[in-house]
**Q** 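Shown below is the structure under consideration.
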Amino acid sequence: MKGKTVFVAGHRGMVGGALVRRLEQEDVRLLTIGRSEVDLCDQAAVFGWFAKQRPQVVFLAAAKVGGIVANNTLRAEFIYDNLIIAANVIHAAHVNGAEKLMFLGSSCIYPKLAPQPLREDSMLTGPLEPTNEPYAIAKIAGIKMVEAYRSQYGSDFINVMPTNLYGRGDNYHPEYSHVVAALIRRFHEAKVAGVGNVVVWGTGTPRREFLYVDDMADACVHLMKSYSGDELVNIGTGEDITIAEFARAVAATVGYTGQISFDASKPDGTPRKLLDVSRLTKLGWRARTTLEDGIRLAYQAYLSESK
Ligand SMILES: NC(=O)C1=CN([C@@H]2O[C@H](COP(=O)(O)OP(=O)(O)OC[C@H]3O[C@@H](n4cnc5c(N)ncnc54)[C@H](OP(=O)(O)O)[C@@H]3O)[C@@H](O)[C@H]2O)C=CC1
Ligand SMILES: C[C@H]1O[C@H](OP(=O)(O)OP(=O)(O)OC[C@H]2O[C@@H](n3cnc4c(=O)[nH]c(N)nc43)[C@H](O)[C@@H]2O)[C@@H](O)[C@@H](O)C1=O
């Protein structure tokens with residue numbers, strides 16, 4: 001990547017922001033563009049921008065993203081936006097001679113009940129989790145598009161499959177956020193307000209793997225520099241935790257000492273989503289931030305972002 005023009009699509013988002021921070025350590029010419037200037041769902045705008053800027057390297061971190069209720073509520077937006085963003089950016093990168101592109105999928109592309117830990121070759125071997133199927137289908141289409149451009153045009157475009165991510169720049173929307181941001185905010189507000197009980201969604205029994213977003217960005221830069229294979233690469237920590245245990249860990253970090261109850265009327269989603277990270281490990285990368293340190297860093301980021 002040394003000396004290259006690098007475009008981070010979605011630079012204002014949690015992953016995009018972490019990529020911008022990480023790329024400051026690299027000798028690259030960084031390109032970003034705001035949604036108000038180029039809506040990545042607008043094909044003409046995307047094609048015009050790419051023709052003018054001709055980025056050599058593209059991190060496609062822009063997407064319509066949200067937690068389980070957002071996915072299950074905004075089903076049409078999740079499939080439309082994510083299909084169109086992937087199609088526009090991948091094609092524009094090809095037409096304008098991008099040397100490398102990284103597409104970010106998500107662990108929800110794997111079947112709901114696939115054997116754990118989830119291997120990259122389990123994609124399309126079984127039914128998806130219904131709550132995020134529209135998003136998953138759009139992500140699978142993006143993955144297949146990258147594979148097709150590699151096959152027909154020899155494009156050095158690669159696919160990565162991140163696990164659940166959290167950290168600086170996360171989305172704290174009360175209904176549409178992911179679990180980490182949601183619980184940090186809810187436990188903090190309960191502590192400040194002196195509330196005696198906090199409700200956590202679902203049964204608390206699902207298990208999730210959580211990767212700190214700055215580790216994610218480091219893994220992306222590592223793979224962009226060193227990987228040009230056809231296969232997906234899972235990006236995770238290789239460890240998971242139940243939502244109930246996780247909620248207790250967040251409460252302890254935030255300093256909330258009240259009760260925790262569970263609302264089983266809210267969806268649990270996939271029972272477990274632990275990624276097999278052996279391919280990533282063989283490629284020379286492993287996560288460094290422990291969950292305990294990550295939650296503490298994420299809470300500090302929340303406090304500084306919500307001032
Ligand atoms: N968060 C997670 O747990 C996981 C995320 N991922 C993937 O990582 C990537 C980034 O996710 P994350 O950073 O969490 O998401 P965010 O929602 O934090 O960031 C998404 C970014 O995409 C931009 N964007 C969305 N739609 C458009 C559009 N039409 N035109 C231009 N920009 C647009 C948003 O811009 P704006 O802010 O202006 O709306 C935002 O900056 C996504 O591909 C996601 O699927 C994968 C696994 C887990
Ligand atoms: C990255 C990944 O993220 C999403 O899938 P998810 O992992 O199910 O996402 P989630 O973080 O929303 O929930 C994880 C678990 O946590 C429980 N939970 C408890 N309390 C709250 C809560 O307050 N908010 C939320 N959101 N969840 C809660 C919730 O019931 C569930 O059991 C999709 O985008 C999917 O497409 C995807 O790729």
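Numbering of ligands and ligand atoms starts at 1, following listing order. Computed from a prediction, not measured in an experiment: that's the story for all the values here.
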**Q** Look at atom 2 (C) of ligand 2 and say which protein heavy atom is nearest, naming residue and atom and giving the distance to 0.1 Å.
**A** Lys273 NZ, 3.4 Å
**Q** Should one rank Tyr166, Trp201, Phe246 by closest heavy-atom distance to atom 22 (C) of ligand 2, which comes out on top?
**A**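 Comparing heavy atoms across Tyr166, Trp201, Phe246, the nearest one to atom 22 (C) of ligand 2 lies in Trp201.
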**Q** Can you tell me how far the CZ atom of Phe78 sits from the CG atom of Leu83, to the nearest 0.5 Å?
**A** 13.0 Å
**Q** Evaluate salt bridge (charged side-chain N to carboxylate O under 4.0 Å, His left out) for Asp27 paired with Lys2, printing each intermediate quantity in order.
**A** CA-CA 5 Å; Asp27 169 19; Lys2 188 171 171 52; 3.1 Å; yes
**Q** Purely on distance, is any nitrogen or oxygen of Gly13 under 3.5 Å from one on ligand 1?
**A**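 So ligand 1 has an N or O lying under 3.5 Å from an N or O of Gly13.
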**Q** Does an N or O anywhere in Lys64 fall below 3.5 Å from an N or O of ligand 1?
**A** no
**Q** Please indicate whether any nitrogen or oxygen in Val65 is less than 3.5 Å from any nitrogen or oxygen in ligand 1.
**A** no
**Q** Hey, what's the ring geometry for Tyr153 with Tyr149, parallel, tilted or perpendicular (30° and 60° as the breaks)?
**A**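 Plane angle over 60°, so perpendicular.
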**Q** Hey, could you give me the NE2/CZ distance between His11 and Arg21, rounded to the nearest 0.5 Å?
**A** 12.5 Å
**Q** Which one holds for Pro267 and ligand 2: side chain close, backbone close, both close, or neither close, with close meaning a heavy atom under 4.0 Å?
**A** backbone
**Q** Does His11 reach ligand 1 with a nitrogen or oxygen that is under 3.5 Å from one of the ligand's nitrogen or oxygen atoms?
**A** no
**Q** When you check the side-chain N and O atoms of Lys191 and Thr257, is any donor under 3.5 Å from an acceptor?
**A** no
**Q** Nearest protein heavy-atom contact for atom 14 (C) of ligand 2: which residue, which atom, what distance?
**A**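 Here the closest protein heavy atom is Arg208 NE, 3.7 Å.
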**Q** For Glu305, I'd like to know if atom CD has over 12 heavy atoms of other residues, nucleotides or ligands within 6.0 Å.
**A**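 Check passes, neighbour count above 12.
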**Q** Report, in ascending order of atom number, the atoms of ligand 1 lying under 4.0 Å from any heavy atom of Thr163.
**A** 47 (C), 48 (C)
**Q** Specify side chain, backbone, both or neither for Arg186, according to which of its non-hydrogen atoms lie closer than 4.0 Å to ligand 2.
**A** side chain
**Q** Purely on distance, is any nitrogen or oxygen of Ile68 under 3.5 Å from one on ligand 2?
**A**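 It does: an N or O of Ile68 is found under 3.5 Å from an N or O of ligand 2.
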**Q** Would you mind checking which non-hydrogen protein atom is closest to atom 39 (O) of ligand 1, with the distance to 0.1 Å?
**A** Arg35 NH1, 2.6 Å
**Q** Does a donor on one side chain sit under 3.5 Å from an acceptor on the other, for Asp215 and Thr289?
**A** yes
**Q** Is there at least one pair of N or O atoms, one from Gly202 and one from ligand 2, spaced under 3.5 Å apart?
**A** no
**Q** Just go through Gly66, Ser177, Ala63, Pro174 and tell me whose heavy atom is the nearest to atom 34 (O) of ligand 2.
**A**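 Ranked by closest heavy atom to atom 34 (O) of ligand 2, first place is Gly66.
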**Q** Please report which non-hydrogen protein atom sits nearest to atom 31 (C) of ligand 2, along with the residue it belongs to and the distance in Å to one decimal place.
**A** Asp268 O, 3.3 Å
**Q** Could Lys139 and Phe103 be counted as a cation-pi pair, given that NZ or CZ must be under 6.0 Å from the ring centre and within 45° of the axis?
**A** yes
